[in-house]
Amino acid sequence: MTLQELVHQAASIYSDKIAVCFDECNSQPPVYYTYKTVVTVASELSNFLQLHCDFQGIREVGLYCHPGINLPSWILGILQVPAAYAPVDPDSPPALSTHFMKKCNLSYILVEKQQINKFKSSYETLLNYDTLKEHNDLVLFRLHWKNVEVSLMLKDRKQKYEKEKMTNSTNSENSNEEKSEEHMDARLKHCLAYVLHTSGTTGIPKIVRVPHGCIVPNIQHFRVLFEVTQEDVLFLASPLTFDPSVVEIFVALSSGACLLIVPTSVKVLPSKLAAVLFSHHRVTILQATPTLLRRFGSQLIKSTVLSASTSLRVLALGGEAFPLLTVLKSWRGVDNKTQIFNIYGITEVSSWATFYRIPEKFLNSTLKCELPVPLGFPLLGTVVEVRDTNGFTIQEGHGQVFLGGRNRVCFLDDETTVPLGTMRATGDLVTVKDGEMFFLGRKDSQIKRHGKRLNIELVQQVAEGLQQVESCAVTWYNQEKLILFVVSKNDLVKEYIFKELQKHLPSHAIPDELLLIESLPFTSHGKIDVLELNKIYLNYLNLKSECKLNGKEELWEKLQYLWKSILNLSEDPLKVPDESLFLNSGGDSLKSVRFLNEIEKLVGTSVPGLLEIILSSSILEIYNHVLQIVFPDEDLEFSKNHATKRKFSDSNQEETSGKSLHQKSVMTLSCDHELSAFTAVSRGSQILSLNTKSFTRLGLCSSAHSSDLISPTNTQNVKSLNPPALLGKSQDASCVAEVSEAGTCVAAAKKMELHVRWRSDTGKCVDASPLVVIPAVEKPSPTVYVGSHSHRMTALDLHSGKVKWEQILGDRIESSACVSRCGNFIVVGCYNGLVYVLKSNSGETHWTFPTEDAVKSSAAVDPTTGLLYVGSHDQRAYALDIYEKKCVWKLHCGGAVLSSPCLSPLPRHLYVATLGGLLLAVNPATGKRVWKHSCGKPLFSSPRCGLQYVCIGCVDGNLLCFTHFGEQVKHFWFYFMYLSPNHRSKIL
C-alpha cells in the first residue's frame, strides 16, 4: 500500500466532496478543490514528469513552493510518477537547502512560478541548473552536480549494518539470520514516498528517505484512533519540511475529510489564526507542537481552542515534551470535551511511534496533579525498546528509547539498503515504571552544572507550572550559563520567580539569569527556536554593557539590591549592615557564584579575586574590592588599600585615557574599495598590518607601514602581541605594559598568567586556526573569525567571546580565514569546493567562487594588489579578484593543494606546495611557474619565506630550505628541545 493508493481509494468514494480548502485570510474568499479535482491535477503533473524526467538511481523530485490550493495535488502528482517528493522551503537559508539538495544528489526540482525570481536569486551562485519546461503554475529545473565529493554519491550500507546487526536487532538471536537476508532498497521504483532532513538542532542535519512502508501504518492507525470521517476538517499546521505534515495531509485525504491550508504568515498571528481555525472553518482535528499551542496564550486557548463550544474534537501534541497536567488543565475551559493525545516519534523513523490519550478523569479532576504524562503505546507496526548504557533492553529503570519495526525503517544520509527491523537510537531518555515510559529529556539536554547532572527540561517544566508564568524556555548559553526566558501572564517580578523556583528545584538547577520576553520565538517546525533565544540574550547583554554606573553611590545601592535579591531578602526595607557576611546571611557556594555573575554584569567587566571576597568578607569589603576595579581613579573612602596603577587584564578593557572600549555587536561596513586600517594575526603568528602607520591598541606595538608583510623571521618591531583580554588576572601590577606617545613598547609584560577568559561552542571539531582582526580605530571592536566541521563560520568579539555573526556554509570548514586588503571581507574555503567571500561585519555572502574539489587551503592576500591566492584539492592554485568577482589566473600544480600559499614581497614570488610533493615558485601577477622542486613526499605544511630563503616541512620529518632562486640549502643550524619523554618537539 502506498500513500497515493490511500488517496485514490478515498477519491473513488468521495469524488465530489471538498478535499482541500485554501484560505488566504484576506478579502478574497477561500478556494476549494474536490477530490476529483485533486486527482485530476495530480495526474496531469504525473504525465508531465514522466515525459521530461529521466531518473538515474533513486527517484526523487524537489518541490520549491509555498502552501497553496495545489499543494496536495503536486505532492500526489510526484508520488504517482512514481517518485519521492523532496520539499525545499523558500524561506529556509539557501546554504542549508543547497546542502540538502546536494546530499540527496537531486536531479530535478519543481519551482512554483510565483517563486521563480526568489529561487534564481537565492541559488544563482550555489546551483548549476537548466530550465526544462513549464507546466501550469510550475517550472521544472534540471540540477547538475559537478563535484563528486560534494554530491556525496550514495553507497550501499549493507556491510555497515551487518556489523551493527547485534546492536540494532529487534528480536532474539534467531531473528538475526533472517534480517541479514532481508533488506529494504531505496533504489526500487515504488519504495520511497518523501525525503526530508532533520532540524540539525543537535548537530549537522541528516537526510532521511522515508519509504511508503514506513509512513502508511501511521496514516492507517491515526484514522482509526481519531475516528476520522468525511465530516472532519484537519489543519495543515506543519511545514512540508516537517514530517508531521505528511500525517496531516494523508490522514485527511485518505478519509474523505477536508484539509485546511493557510499562508505561513497567518500561522504566526495567534488571534487571527484562532479565528480562522475555530470560527470560520470549524477545524475538528489539530496536530501541533506544544510550543505552537502556547503561542495562542492561555486565555485564547481556554476561551476558543479548548472552550466548551469549540469545534476541536482531537488535539494531538507532539514533537516536544508534553506539558504538565496542571498546565494542561489550566488551559481547558469548563465542560470542554476535546480528546487530547500525547504523540511521540522521531524523523529518523518517520513520523510518529507512540500515542497516549489523556484520561478524562485526569483532565476533569480538581486535584493538583504533578504526575508526568506517559509516552503511551506503540503505533501500528512499531517496535519500541528501552536500552541501558550497555545496550541491553530493560523493563524497569532509566534508559534510551530505540524505535523501529519490520517495515518501519528509513534511509539516513548515504544509505541505500537497510535491514528490515532496524532499530534507531532516538537520543531520548525515559524511565520505565510499571510498564509505562515517562519522558526525561534528550541526551543532549543533560548538562553538568556545579558538579551535578541536570536536565534543563526539568527547569522548564517547573517554571511553566508556576501560576504567573504563561510560557517559558530554558537554554544553556555558551555551555556556561543557564538562562530562563519567561512570558508572564501579568507584570511579574523576577524575585518572585526565583523564590518560587528555589522551593521546587535543587540549588544547582536555579537559573543564572531570567529574562522576561513578550513571546517565545519558534522555528518553522513549531518548536522553540533556541538560536533566536540566544540572540535575544546576546542583545540583552549588549544593552546591559552600555548602561554605565553613575558613581560609587549607585554601585553601593545596586550591590545592596543584588544582595537582598539573591538571598531572598527583597522585602526587607532596611539597609544591609556594613559588616554583613554572605554565608551568614543565607548564602551558599552556588548563590555566591550567581552573586559574582550579577556583579560582573552590573559593572561590565570581570573582577579578579571577587569570589573569595564574597565567601569570606563583609558587604562593605566586597564593595571596596569592586570599587577599586570600576572607579580606580576615585578617592576610596572605605578602602583599606588600593592599586596605584590601572590593570589591563580584564576582558572589557579600557585605554590609558579611561575611555571604555565596550562595543556593540553590529559593525558598519565601508564600501567595497574603501580601505580600513587594521592588523590581522593568523596562524603561525603571522602579522599583517595594512593601511596604518602605527598601531598601539591592545598592547600591539608595530611600526609596520601600509602594505608591509611581516614574516615570523623579521618581527623585531613587534614587542608585544598579547591582547589584554587574553592575559591572566594578576594581583601584581607589574604585569602592565606601558605605551609611550611614540607608540613603542617601553616595558614588556614581566608576568603573565594564562587562563580561559571565554569559550564559544562551534558545534563540531575545529581544524581551522582562528583569524584575529584588530582595527586601528576604537570601533569596531577586535574580532576573531573561525570555521568548523559544523559548517559554521563564526565571528566573535575578541574581548568577550560574544557572537557577532554566524553563517552556515555548504559543507565543513578546515580552511583558516583570511582578511581582504580593504578589511571589509573575510575569505574562507569549504569542503563543497567553494571559496566564500563574506562581508566581515555581517557574514553576508559577497561572492562565491567554485573550484572543482574541496578547498582546505587557507587563502593569502597580496597587500599590494589586493588579489587573493588559494589552492584546492582539484590540484590548482587560483588568483581571485574579489572586487571584480573574477578569477585572474589559475595554475595546475601537479597535486592537490592542501597548504596555504605564501607570498614573498622580494622577489615577488608566490610559493605553493602540493600533496604530490612539489614546491612551486609562481609569478603572482601572471600565474606562470618560475621554478619547481620535487621533494618526493607529500607536502602538507605551508611554505614560509624570509629575506633570503623559503622553508617547508615534509612528512618524512625533514625541513627543506631553498633560496628564492630554487637552489636547495644543504646545511642550516637547528636546535633540539625535549619537552618530556612522551612529547618531544624540535624547535628551530
Side-chain angles (χ1 to χ4, degrees), residues 225-226 237 270-271 273-274 277-278 283-344 354-377 431 433-434 436-441 457-474 484 486-490 492 496-497 500-501 503-505 519-520 526 528:
L225 192 64
F226 297 160
S271 298
L273 181 61
L277 297 188
F278 305 109
V283 166
T284 59
I285 299 175
L286 175 63
Q287 175 189 253
T289 61
T291 295
L292 190 62
L293 183 65
R294 288 186 184 100
R295 294 279 297 185
F296 288 112
S298 58
Q299 287 187 338
L300 198 56
I301 295 175
K302 196 166 188 175
S303 64
T304 305
V305 184
L306 296 178
S307 66
S309 60
T310 183
S311 60
L312 193 63
R313 283 198 311 105
V314 174
L315 173 63
L317 297 177
E320 293 174 315
F322 196 82
L324 291 174
L325 278 177
T326 51
V327 175
L328 190 62
K329 288 196 295 184
S330 71
W331 289 345
R332 292 184 86 220
V334 179
D335 295 329
N336 172 259
K337 300 300 181 184
T338 303
Q339 301 175 35
I340 302 178
F341 291 83
N342 179 19
I343 51 178
Y344 164 78
T354 67
F355 73 96
Y356 180 79
R357 180 179 173 182
I358 314 300
E360 283 292 323
K361 63 178 181 179
F362 287 160
L363 294 173
N364 296 328
S365 172
T366 56
L367 298 175
K368 187 174 182 180
C369 184
E370 300 291 350
L371 292 174
V373 176
L375 292 184
F377 310 98
T431 184
K433 187 176 182 181
D434 299 328
E436 290 190 310
M437 291 184 301
F438 298 93
F439 183 70
L440 294 177
E457 291 176 352
L458 169 67
V459 182
Q460 178 174 328
Q461 285 186 351
V462 172
E464 191 176 59
L466 300 180
Q467 188 175 2
Q468 300 301 319
V469 175
E470 178 77 53
S471 57
C472 64
V474 180
L484 173 62
V486 171
V487 178
S488 64
K489 294 180 180 177
N490 46 41
L492 198 60
Y496 162 80
I497 297 182
E500 290 299 310
L501 290 177
K503 294 178 183 178
H504 300 90
L505 290 172
S519 62
L520 290 175
I528 290 173

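Basis for what follows: all heavy atoms, side chains included, without hydrogens, waters or symmetry-related copies.
- For the pair Gln467 and Lys489, the tightest heavy-atom approach, listed with the atom from each and the gap, is O-NZ, 3.2 Å.
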Requested in this report: Take Leu277 and Val305 through the side chain to side chain contact (heavy atoms under 4.5 Å, CB included) test and state the conclusion after the steps.
Outcome: CA-CA 9 Å; Leu277 297 188; Val305 184; over 6 Å; no
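- Of all non-hydrogen atoms in Lys329 and Phe362, the two that sit nearest each other are CD-O, 3.1 Å.
- To the nearest 0.5 Å, atom NE2 of residue His504 and atom CG of residue Leu458 are 11.5 Å apart.
- Listed by chain and number, the residues in a side chain to side chain donor-acceptor pair (under 3.5 Å) with Ser330 amount to none (sequence neighbours excluded).
- The list of side-chain hydrogen bond (donor to acceptor under 3.5 Å, both in side chains) pairs with a residue in residues 288-301, not counting sequence neighbours, reads Thr291-Glu320, Arg294-Glu464, Ser298-Glu470.
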Query - Intermediate values then yes/no, side chain to side chain contact (heavy atoms under 4.5 Å, CB included), Leu375 and Asn342 - result: CA-CA 7 Å; Leu375 292 184; Asn342 179 19; 4.1 Å; yes
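- Shown here for Ser271 and Leu300, the closest heavy-atom pair between the two residues is CA-CD2, 3.9 Å.
- Every ring-ring contact (aromatic ring centres under 6.0 Å, His included) that Phe226 has, sequence neighbours left out, goes to Phe222, Phe341.
- With sequence neighbours excluded, no residue forms a side chain to side chain donor-acceptor pair (under 3.5 Å) with Lys361.
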**Report entry** Criterion side chain to side chain contact (heavy atoms under 4.5 Å, CB included) on Phe278 and Leu286, from CA distance to verdict
**Finding:** CA-CA 11 Å; Phe278 305 109; Leu286 175 63; 4.3 Å; yes
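- In this structure, the side chains of Glu436 and Tyr356 come closer than 4.5 Å at one or more pairs of heavy atoms.
- Contacts classified as ring-ring contact (aromatic ring centres under 6.0 Å, His included) and involving residues 296-337 (residues at least two apart or in different chains) are not found.
- No more than 12 heavy atoms of other residues, nucleotides or ligands lie within 6.0 Å of CZ in Phe377, so this atom counts as exposed by the packing criterion.
- Using a 4.5 Å heavy-atom threshold, the side chains of Thr310 and Thr338 count as touching.
- Scored by the side chain to side chain donor-acceptor pair (under 3.5 Å) test, Thr354 finds no partners at all (sequence neighbours excluded).
- Here the shortest heavy-atom pairing between Gln460 and Ile528 reads NE2-CD1, 4.0 Å.
- Of the possible donor and acceptor atoms, none in the side chain of Asn336 sits under 3.5 Å from a partner among the backbone N and O of Arg332.
- Side-chain contact between Ser488 and Val469 is absent, with no heavy atoms from C-beta onward closer than 4.5 Å.
- In this structure, CG on Leu363 lies 9.5 Å from CG on Leu306, to the nearest 0.5 angstrom.
- The only option from Ile358, Leu293, Ile343 that meets the side-chain contact (heavy atoms from CB on, under 4.5 Å) definition with Leu317 turns out to be Leu293.
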Query raised in the report: Going through the distances and angles, do Ile340 and Leu328 end up as a side chain to side chain contact (heavy atoms under 4.5 Å, CB included)?
Result: CA-CA 10 Å; Ile340 302 178; Leu328 190 62; 4.1 Å; yes
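- No donor-acceptor distance shorter than 3.5 angstrom exists from the side chain of Lys337 to the backbone of Arg313, with no hydrogens or angles considered.
- Across every non-hydrogen atom of Leu520 and Cys472, the tightest pair is CD1-O, 3.7 Å.
- Between Ile497 and Val486, some side-chain heavy-atom pair lies under the 4.5 Å cut-off.
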